[in-house]
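It should be emphasised that the depicted structure is a prediction, and the values quoted were computed from it without experimental measurement. Protein chains get the first letters and strands the later ones, always in sequence-line order, with residue 1 at the start of each.
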Amino acid sequence: MSEATRFNPHVADTRWQQIWEEQGTFVADDASDKPRSYVLEMFPYPSGRIHIGHVRNYTMGDVLARYRKMQGHEVLHPMGWDAFGMPAENAAMEKGVHPGSWTRENIENMRAQLKRLGFALDWNREFATCEPEYYGHEQALFLKLFEAGLVYRKESEVNWDPVDMTVLANEQVIDGKGWRSGAEVERRKLSQWFLKITDFADELLDGLGSLDKWPDKVRLMQENWIGKSQGGLLRFGLSNGETIEVFSTRPDTIFGASFMAVAADHPIAQAAAEADEKAAAFVKQCKAGGTTAAELETAEKLGFDTGLTAQHPFDPGKQLPVYIANFVLMDYGTGAVMGVPGHDQRDFDFASKYDLPIIRVVAQDAADACKPFDGEAEPGDGVLVNSGEFDGLAVEEAKAAIIARAEEEGWGEGQVQYRLRDWGVSRQRYWGTPIPIIHSPDYGPVAVPEDQLPVALPEDIDFSAPGNPLDRHPTWKHVTCPISGKPAVRETDTLDTFVNSSWYFLRFASQPEDRPFDPDVIAKWLPVGQYIGGVEHAILHLLYARFWTRALTRIGMLDVKEPFASLFTQGMVTHQTFKHGDGSWLTPDEVKKNGADWIVIADDTPATAGRVEKMSKSKKNVVDPDDIVDQYGADAVRWFMLSDSPPERDLEWSEAGIEGCWRFVQRLWRLFGQIGAGGAGADAEVDRALDRKLHQTIASVSEHIEALAFNKAVAAIYDLTNAIEKASFSASRSQAIHVLRLLVAPMMPHIAEEAWAIAPSPGGLVANERWPQVDESLLIEDEVTIAVQVKGKLRDTVTAAKGLPKDELEALALASEKVQRNIDGAEIRKVIVVPDRLVNIVI
RNA sequence: GCGGACGUGGCGGAAUCGGUAGACGCUGCAGACUUAAAAUCUGUUUUCCAACUGGAAGUGCGGGUUCAAGUCCCGCCGUCCGCACCA
């Protein structure tokens, strides 16, 4: 085939990308009176190169954005950069480059990579969170929350790396050691800034109910994360005259309590440690214990008897020993628990070890009051036994009754407890938003005055030593108190990068210079109509963004409750892995297939094909988007991203798959070239079957794009293409090819534009065209295929006019020779007829 | 341990309400065109029996409901994911 009849993406891609840019095709107009669509994909971290996972993510969003535009919507489809974070600082430490220049250079590269894929983005709204034009507004928002009392400072335990002199996130502690330095991580108390997300626990939980276009999985994960439990706060008098307060979800089991246990950090434990060396040693041992999942699972329940006892509120003769225990957490509830061994497994284990009484207070029925335990606790439902006046009550009734009594007598009350904790946002790092606070010697932490915002990061910084470069900068932190004018010290911690991504979707919608956003413009675009990203953000980012939005709404800056009306979590892109005989990884293009086996191309030694896994550099199974766009063009790559796998599942990259997409691009191109083919005579013909197929395809492609079922939309387009190719020339065929250009436009925009421009051309851009309308009258089949079953087994199919009455269908079915052969003279007991579908003859 | 999702050909996957299982793509095989290759086109590709018409089995396993089950119900098995000493 000559080059002229091939689609050449290297020429076409850039041509159309330039034209879209010149014409501002995808620039969103705030003032538009069209219906609006805000399509957003999670913005990338500028690591240096676009990853194939980004390509999949942005292709999905792009299809939807282009489709909505063709439906006549004003579409907001922005892109920007989540540009603060540790990798930039690591690069600074390793290569001596400034985090800012490293980041900005990466952004340049990645922007160019994205542009090559032809995404319908409004680049006018692009921003990077690392620029003062963004983070300055973030500081203003932070101060608004500070004024409203939603930000506070408190001492908190953190993972401290003594070598790097920085706080580490839990994920950065590997086997108790710092991930970079390898140093033993210490628990250290530091003053940290917190956002009061717990104030919104109930709202955030209830709000999930309205998010019916979110995956159930994500809602459930958030629900569990918030972790609401209903119970009672109970107070017991101690032998030393003080009081111990515990939270329990099972106040009904109070008669089964046989001990109390407190966390190592609990004041009672601290007091005991001060008075007694052994107690101090035990407390130390508890703190040294690992916190990894595996360690916790195998860790033995250990306790230390403080010698104190607690008075049981219902039994004056009953004194419960108070232990310090390694399984009690300080930061949940009150840091103290009531031990009920019979009905809680941990308490059971503990009581068994220390020979404490195990009392049954819940049983299947009253007769089982003395039934022994079968080696484990019984946390289930039942009725109360051995519980004095409460005997016979069901568990739920008993909870209410005992809480009511506690309230009456003043030793407790009903309480709702959350697992969710306040969000610690302080980071001892340079490359983040400076926390806009000044520590005044007289007034404590004071907000930086608004006219001094942004608090910009200093450029001249030193990464040669570990620790926070802001803290050791010679001048930056030395300021004066905004109130007294006396010397004061700037806060040198920066904000968690999750703060940056908690409001970027607002800034995309509205970006005035003098304030974070204009609520009136926000009101036009928000909530985001479709948000697309990886499920790894199911909890943190999505919960923080929901919180931030609600917090801004509560303080009156905004009127949006839920930022993302519809959420879609896409799967990963995976690829086969290969290994050498010696176990080292091989890239997929270093091997080839040799019969059923794989061999290394370079030296013909055998290779082993490993699992299909998420692309990662270490396993050498990555493909670079630039390389494949070079080879196949943007459209083939985009088409591959949408084909085969349902978008929520993983997509396996394969050479054969992308080759197939490339062939399809060329097939389409040949077909587009035939748009007016067949001559005048042929053009007069109408092909009803093809017309119907076309309109069925329009309907199904539309429906599938709406549902983000791109793999099904792709299949429908293949199906139509096959049908057009097989059909003989006719006006219908030309029309079908014409419409096919529109149908593929959201997915393969470059070839669609190229085809739209060839004669007979309607002019303009296909990107601005209207999405084809379905002719409902053409959807109706006039003939249908009826399945004929005998005793539920398919024996024949017959063709019938649509809507044929039941008795006629039955007659038609019975007329079938195959059916008669299968009935074989037997008596017909019953005939089931489903109009336009099937006839089942029961013998 | 708790919670959730999923199991369909050689592979990715389709299959509105329970109504023709395997659409569509990939791979493989056979053929056409070509000096040849590439590209393209045609046929074929769940398994087994029969090889002309056909027949049987079949959606992880075992039961059940129904005229009819991939789909609904009960019980297993397996894979993946999230949380995890949360009182």
Cut-off 3.5 Å, no hydrogens considered: what does the side-chain donor-acceptor table look like for residues 635-642 of chain A, sequence neighbours left out?
from   : atom 1 : to     : atom 2 : distance (Å)
A:D635 : OD1    : A:H750 : N      : 3.4
A:D635 : OD1    : A:H750 : ND1    : 2.8
A:D635 : OD2    : A:H750 : N      : 3.4
A:D635 : OD2    : A:I751 : N      : 2.7
A:R638 : NE     : A:M747 : O      : 2.9
A:R638 : NH1    : A:D62  : OD2    : 2.9
A:R638 : NH1    : A:L117 : O      : 3.0
A:R638 : NH1    : A:G118 : O      : 3.3
A:R638 : NH2    : A:D62  : OD2    : 2.6
A:R638 : NH2    : A:P746 : O      : 3.0
A:W639 : NE1    : A:Y718 : OH     : 3.1

Listed pairs under 3.5 Å, donor-acceptor, residues 802-818 of chain A side chains, sequence neighbours left out:
from   : atom 1 : to     : atom 2 : distance (Å)
A:S816 : OG     : A:D796 : OD2    : 2.7
A:S816 : OG     : A:K818 : N      : 3.3
A:S816 : OG     : A:V819 : N      : 3.2

Give every donor-acceptor pair under 3.5 Å between a side-chain atom in residues 693-701 of chain A and any protein atom, sequence neighbours left out.
from   : atom 1 : to     : atom 2 : distance (Å)
A:K693 : NZ     : A:D719 : OD2    : 3.1
A:H695 : ND1    : A:D775 : N      : 2.9
A:Q696 : NE2    : A:E781 : OE2    : 2.9
A:T697 : OG1    : A:K693 : O      : 2.7

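Atom CZ of A:F327 is separated from atom C1' of B:A84 by 15 Å (rounded to the nearest Å). Taking atom OH on A:Y718 and atom C1' on B:C24, their separation rounds to 8 Å, with Å as the unit. Put simply, CG on A:D331 is 12 Å from P on B:A84, counting in whole angstrom units. If you take OH of A:Y632 and C1' of B:C26, they are 14 Å apart, rounded to a whole angstrom. In this entry the distance linking CE of A:M330 with C1' of B:C85 reads 16 Å, nearest Å. Residue A:K217 contributes atom NZ, which lies 9 Å from atom P of B:C81 at whole-angstrom precision. To the nearest angstrom, P of B:U66 lies 17 Å from CD of A:Q789. For A:E725 and B:C24, the CD to C1' distance is 14 Å, given to the nearest whole Å.
Across all strands, A:I832 comes closer than 4.0 Å to base atoms (heavy-atom distances). A:V842 comes within 4.0 angstrom of sugar-phosphate atoms only, judged by non-hydrogen atoms across all strands, and of no base. When heavy atoms are screened at a 4.0 angstrom cut-off, A:N840 is found touching base atoms of the nucleic acid. Within the nucleic acid shown, A:S229 comes within 4.0 Å of sugar-phosphate atoms alone, with no base atom in reach, counting heavy atoms only. Within 4.0 Å (heavy atoms only), A:V340 reaches no atom of the nucleic acid at all. Nucleic acid contact class of A:N722 (heavy atoms, under 4.0 Å, all strands): sugar-phosphate only.
Residues A:P379 and A:A377 share a closest heavy-atom pair of CD-O, 3.3 Å.
Annotation: of the two residues near RNA chain B, A:D344 and A:K830, the 5′-most nearest-nucleotide partner is A:K830. In terms of position on RNA chain B, the residue among A:N224 and A:S248 whose nearest nucleotide sits closer to the 5' end is A:N224.
Considering only side-chain N and O atoms, A:R346 lies under 4.0 angstrom from the phosphate OP1 or OP2 of B:C86. Within the structure, a side-chain polar atom (N or O) of A:R419 is placed less than 4.0 Å from OP1 or OP2 of B:A84.
With sequence neighbours left out, the side-chain hydrogen bond (donor to acceptor under 3.5 Å, both in side chains) criterion links A:E706 to A:Y67, A:R68, A:Q71. The side-chain contact (heavy atoms from CB on, under 4.5 Å) test applied to A:D650 returns A:M572, A:T574, not counting sequence neighbours. In this view, A:D836 satisfies the side-chain hydrogen bond (donor to acceptor under 3.5 Å, both in side chains) rule with no residue, not counting sequence neighbours. Every residue two or more places apart in sequence or in another chain that forms a side-chain contact (heavy atoms from CB on, under 4.5 Å) with A:I403 is listed here: A:P251, A:E407. Partners of A:V744 according to the side-chain contact (heavy atoms from CB on, under 4.5 Å) rule, which considers only residues two or more places apart in sequence or in another chain, are A:L668, A:F672, A:I717, A:L740, A:M748, A:A752. Listed by chain and residue number, nothing satisfies the side-chain contact (heavy atoms from CB on, under 4.5 Å) test with A:E703 (two or more places apart in sequence, or in another chain).
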Which pairs, protein N/O on one side and nucleotides 55-58 of chain B N/O on the other, fall under 3.5 Å?
from  : atom 1 : to     : atom 2 : distance (Å)
B:A56 : OP1    : A:R795 : NH1    : 3.4
B:A56 : OP1    : A:R795 : NH2    : 3.4
B:A56 : OP2    : A:R795 : NH1    : 2.9

For every nucleotide of nucleotides 6-18 of chain B, 5' to 3': is a protein heavy atom under 4.0 Å from its base (B), only from its sugar-phosphate (S), or from neither (-)? ------BSSS---
Does the protein touch nucleotides 45-51 of chain B at the base, only the backbone, or not at all? Give it as B, S and - per nucleotide, heavy atoms under 4.0 Å. -------
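Judged by atom type and distance alone, A:R663 does not reach the base of B:C26 through any side-chain donor-acceptor pair under 3.5 Å. With hydrogens and angles left out, the side chain of A:K301 and the base of B:C85 share a donor-acceptor pair within 3.5 Å.
Rounded to a whole angstrom, the distance from the C1' atom of B:C72 to that of B:G25 is 31 Å. Spacing between B:G19 and B:C76 at atom C1', rounded to whole Å, works out to 29 Å. For B:U34 and B:U27, the P atoms lie 25 Å apart once the distance is rounded to whole Å. Taking atom C1' in both B:G58 and B:A37, the straight-line distance is 42 Å, to the nearest Å. Comparing the same atom, C1', in B:G4 and in B:A68 gives a spacing of 32 Å after rounding to whole Å. Going from the P atom of B:A87 to that of B:C73 covers 30 Å, rounded to whole Å.
Taking the syn range as angles within 90° of 0, the glycosidic angle of B:G18 is outside it, so the base is anti. Classification of B:C61 as anti follows from a glycosidic angle more than 90° from 0.
By the neighbour-count criterion of 12 heavy atoms within 6.0 Å, atom NZ of A:K228 is densely surrounded, having more than that number from other residues, nucleotides or ligands.
When the nucleotides B:A39, B:C41, B:U27 are ranked by their closest atom to the side chain of A:R667, B:C41 comes out on top. Proximity note for A:T785 (side chain, C-beta onward) versus B:A87, B:U20, B:C41: the nearest is B:U20. Closest approach to the A:M221 side chain among B:A39, B:G82, B:A23 is made by B:G82 (side chain taken as heavy atoms from C-beta onward).
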Can you check salt bridge (Lys or Arg N to Asp or Glu O under 4.0 Å) on A:R235 and A:E413, steps first, answer last? CA-CA 9 Å; A:R235 286 176 294 276; A:E413 55 268 332; 3.0 Å; yes
Working note: A:F247 + A:V416, criterion side chain to side chain contact (heavy atoms under 4.5 Å, CB included); need CA distance, chi angles, decisive distance, verdict. CA-CA 9 Å; A:F247 173 72; A:V416 173; over 6 Å; no
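Under a cutoff of 6.0 Å and an axis angle of 45°, A:R419 and A:Y332 do not form a cation-pi pair.
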